[in-house]
Participant: 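I have a structure I would like to understand better, so I am pasting it below and will then ask my questions one at a time.
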Amino acid sequence: DFCLDEKYGYIHSCPTNLGTGMRASVHIDLPGWTKHGVDKLKARCEELHLQPRGTRGESGGQTGHTYDISNKHRLGYSEVELVQKMIDGVNTLWEEDKKLQKQ
């Protein structure tokens with residue numbers, strides 16, 4: 001019974017897979033944020049509790065101005081909360097991106 005808990009089930013190698021372990025994501029074009037700076041986008045995503053990735057996955061790198069944006073947290077929230085956090089954050093990034101494109 002290696003790493004088995006009666007309440008939580010099997011403990012995975014990655015703690016983010018505990019709880020719901022749910023990752024909701026969307027691919028979105030953010031040319032304004034790309035022009036403004038990828039590091040600034042990452043910092044903004046941190047504030048919004050989001051995680052930006054390239055469309056090639058976690059280690060695949062970034063190409064162009066399309067990003068995979070997902071909820072950062074996986075534990076301690078319901079599925080509805082996680083999806084809503086991602087939706088609200090992506091909507092915020094989209095509105096900010098439109099303004100950045102005009103600068």
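Because the structure is a prediction, the values reported are computed rather than measured. All values below come from the heavy atoms of this structure, side chains included, with hydrogens, waters and symmetry mates left out.
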Participant: Out of curiosity, Tyr77 OH to Asn71 CG, how far, rounded to the nearest 0.5 Å?
Facilitator: 10.5 Å
Participant: What are the two closest heavy atoms between Met22 and Arg74, and how far apart are they?
Facilitator: O-CD, 3.1 Å
Participant: Rounded to the nearest 0.5 Å, what separates atom NZ in Lys72 from atom NZ in Lys85?
Facilitator: 11.5 Å
Participant: Please assess Arg44 against Asp97 for the test salt bridge (charged side-chain N to carboxylate O under 4.0 Å, His left out), listing each intermediate value before the final yes or no.
Facilitator: CA-CA 11 Å; Arg44 182 64 175 129; Asp97 189 79; over 6 Å; no
Participant: Could you work out, with salt bridge (Lys or Arg N to Asp or Glu O under 4.0 Å) as the rule, every residue matching Glu81, not counting sequence neighbours?
Facilitator: none
Participant: Please name the pair of heavy atoms, one in Thr34 and one in Gly64, separated by the smallest distance, quoted to 0.1 Å.
Facilitator: CG2-O, 4.1 Å
Participant: So how far is it from His27 NE2 to Thr66 OG1, rounded to the nearest 0.5 Å?
Facilitator: 8.5 Å
Participant: Restricting to non-hydrogen atoms, name the atom on Asp68 and the atom on Ser25 that form the minimum distance, rounded to 0.1 Å.
Facilitator: OD1-CB, 3.3 Å
Participant: Distance from Gln84 atom CD to Ser78 atom OG, nearest 0.5 Å?
Facilitator: 10.0 Å
Participant: I need the minimum non-hydrogen distance between Leu93 and Leu30, along with the two atoms involved.
Facilitator: O-CD2, 4.1 Å
Participant: Apply the test side chain to side chain contact (heavy atoms under 4.5 Å, CB included) to residues Arg23 and Met86: give CA-CA distance (whole Å), side-chain angles for both, the deciding distance (0.1 Å), then the verdict.
Facilitator: CA-CA 9 Å; Arg23 178 181 178 272; Met86 187 271 302; over 6 Å; no
Participant: Rounded to the nearest 0.5 Å, what separation is found between the CD atom of Gln51 and the CD1 atom of Ile69?
Facilitator: 9.5 Å
Participant: Any chance you could measure Ile28, atom CD1, to His65, atom NE2, to the nearest 0.5 Å?
Facilitator: 10.5 Å
Participant: Quick test of your reading: applying salt bridge (Lys or Arg N to Asp or Glu O under 4.0 Å), list the pairs with at least one residue in residues 33-43, sequence neighbours left out, ordered by first then second residue.
Facilitator: none
